[in-house]
**Student:** 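Questions regarding the structure given below will be posed in turn.
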Amino acid sequence: MPRGLDGATPPLRYAWPSARGHRTAIDGETMPDAAHGDASTMEAHHDAVLSFDEGIPGFRESRRFRLTQPHAESAFQVLESLDEDGVALLVTEPWLFFPDYTFDLPEGDREALALERPEDAIVVCAITVDGTARTAWANLRAPFVLNAQSLRGRQVVLDDEQPLRATLPIEW
Amino acid sequence: MLVLTRRPGESVVVGHEVTITVLEVRQDQVRIGVDAPRSVTIHRQEVYDQIVRENAGAVTSADAARKLAEQGPGAGGRPPPRPGTPRGDKPPPDQ
């Protein structure tokens, strides 16, 4: 049976707090409800090499990235390509700003990342800042999903219902 | 670009693992089935292009991104509050 684009994929649902934000992981904080007894710290992975085997859309040569937290108290981090100079993204844990954000990880992405459970994932979204308008938005349609153990990641392209540009509820 | 003529029900094999089948032709629409390993991502071109454009607009230099992360809202001890109530117990919304 051919796999059509219209075909449904079995869901693995990502929602607060089942998926870990990367900040939680980096800082080794526990979730407010302490739901994750196995919440390992990511301190050892801070600055570790993250593998995006297929690159990301538009930057296919960028296979290795690094996630850094320039300011300990900041809500934002930097996802920096180690393969292409001048390629870095400001990112954030989407649930900090959009607590109702929910998506189903397509089965193919789940398989490629070998993710068994949402709590094994690190999820961040790219932020674009319009300094003139003092606004910023998050790309909720294409979150970066990482396996916290293997540090393999993908920029997952979700369906059309997720906003490509979700304005952050803050003034920049 | 390789150009092939196919009839409904006929296929094209790409590499060893991808088969593209023309399922139906109706006026100006063609229905296509793609048989590929699940790890191979398949998107409508316009959807993929949107992500390419958004990434291009979001990408900046590492220095500029660091500066934004350091100076942006939430820095200096004022992170946006985390959601107060865990939502994992909420029934999933209808799709």
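What you are looking at is a predicted structure, and each value in this text was computed from that prediction instead of being measured. In the text below, chain A, chain B and the rest are named by the order of the sequence lines, each starting its count at 1.
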**Student:** Tell me, do Ile51(B) and Leu164(A) make a side-chain contact under 4.5 Å, heavy atoms counted?
**Tutor:**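 The answer is yes; the side chains approach within 4.5 Å.
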**Student:** Do Val78(A) and Leu168(A) land in one hydrophobic cluster if side-chain heavy atoms of ILVMFWY residues count as linked below 4.5 Å?
**Tutor:**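 Result: no, two separate clusters.
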**Student:** Look at atom CD of Gln29(B) and say whether more than 12 heavy atoms of other residues, nucleotides or ligands are closer to it than 6.0 Å.
**Tutor:**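 No, because the 6.0 Å sphere around CD of Gln29(B) holds 12 heavy atoms or fewer from other groups.
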**Student:** So how far is it from His71(A) NE2 to Lys67(B) NZ, rounded to the nearest 0.5 Å?
**Tutor:**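 If I round to the nearest 0.5 Å, the distance is 14.5 Å.
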**Student:** Same cluster or not: Leu90(A) versus Val52(B), using hydrophobic residues (I, L, V, M, F, W, Y) connected whenever any side-chain heavy atoms lie under 4.5 Å apart?
**Tutor:**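 No, no single cluster joins them.
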**Student:** Check whether any side-chain heavy atom of Glu107(A) lies under 4.5 Å from a side-chain heavy atom of Ser39(B), and answer yes or no.
**Tutor:**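 With C-beta onward as the side chain, the pair stays apart.
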**Student:** Heavy-atom distance under 4.5 Å between the side chains of Arg38(B) and Asp109(A), does that happen here?
**Tutor:**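 Arg38(B) vs Asp109(A): side chains apart.
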**Student:** Val12(B) and Val3(B): same hydrophobic cluster, using ILVMFWY side-chain contacts below 4.5 Å?
**Tutor:**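 The answer is no; the residues belong to distinct hydrophobic clusters.
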**Student:** Under a single-linkage definition using a 4.5 Å side-chain heavy-atom cutoff for Ile, Leu, Val, Met, Phe, Trp and Tyr, are Phe98(A) and Phe76(A) assigned to the same hydrophobic cluster?
**Tutor:**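 They do share one cluster, since a chain of ILVMFWY contacts under 4.5 Å joins Phe98(A) to Phe76(A).
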**Student:** So for Val129(A), is it side chain, backbone, both, or neither that comes closer than 4.5 Å to the heavy atoms of chain B?
**Tutor:**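 Answer is side chain: those atoms of Val129(A) sit under 4.5 Å from chain B.
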**Student:** Same cluster or not: Val13(B) versus Leu23(B), using hydrophobic residues (I, L, V, M, F, W, Y) connected whenever any side-chain heavy atoms lie under 4.5 Å apart?
**Tutor:**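 Unlinked, Val13(B) and Leu23(B) end up in two clusters.
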**Student:** Would you mind checking which part of Leu79(A) comes under 4.5 Å of any heavy atom in chain B, side chain (CB onward), backbone (N, CA, C, O), both or neither?
**Tutor:**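 Neither part.
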**Student:** What residue, out of Ala64(B), Ala62(B), Gly57(B), Ala58(B), has the most heavy-atom pairs lying under 4.5 Å from chain A?
**Tutor:**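 Looking at each of Ala64(B), Ala62(B), Gly57(B), Ala58(B) in turn, Ala58(B) comes out on top.
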**Student:** Heavy atoms only, distances under 4.5 angstrom: which of Asp49(B), Asp63(B), Val59(B), Val47(B) has the most pairs with chain A? Name it, please.
**Tutor:**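 It is Val59(B).
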**Student:** Would you compute the distance between atom CD of Glu80(A) and atom CZ of Arg66(B) and round it to the nearest 0.5 angstrom?
**Tutor:**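 Those atoms lie 5.0 Å apart.
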**Student:** Does any backbone or side-chain atom of Arg134(A) lie under 4.5 Å from a heavy atom of chain B? Answer side chain, backbone, both or neither.
**Tutor:**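 Neither part; nothing is under 4.5 Å.
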**Student:** Between CG of Leu89(A) and CD of Glu54(B), what distance do you get to the nearest 0.5 Å?
**Tutor:**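 Reported value, rounded in 0.5 Å steps: 11.0 Å.
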**Student:** Is Ser74(A) reaching over with its side chain to a backbone N or O of Ala69(B), donor-acceptor style, under 3.5 angstrom?
**Tutor:**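 Between the backbone of Ala69(B) and the side chain of Ser74(A) there is a qualifying donor-acceptor contact (under 3.5 Å).
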**Student:** Tell me whether Arg152(A) at atom CZ has more than 12 heavy atoms from other residues, nucleotides or ligands lying less than 6.0 Å away.
**Tutor:**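 12 or below, so no.
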**Student:** Whether the side chain of Asn55(B) engages the backbone of Pro57(A) through a donor-acceptor N/O pair (distance < 3.5 Å, no angle test) should be reported.
**Tutor:**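 Flag set: sc Asn55(B) to bb Pro57(A) pair under 3.5 Å.
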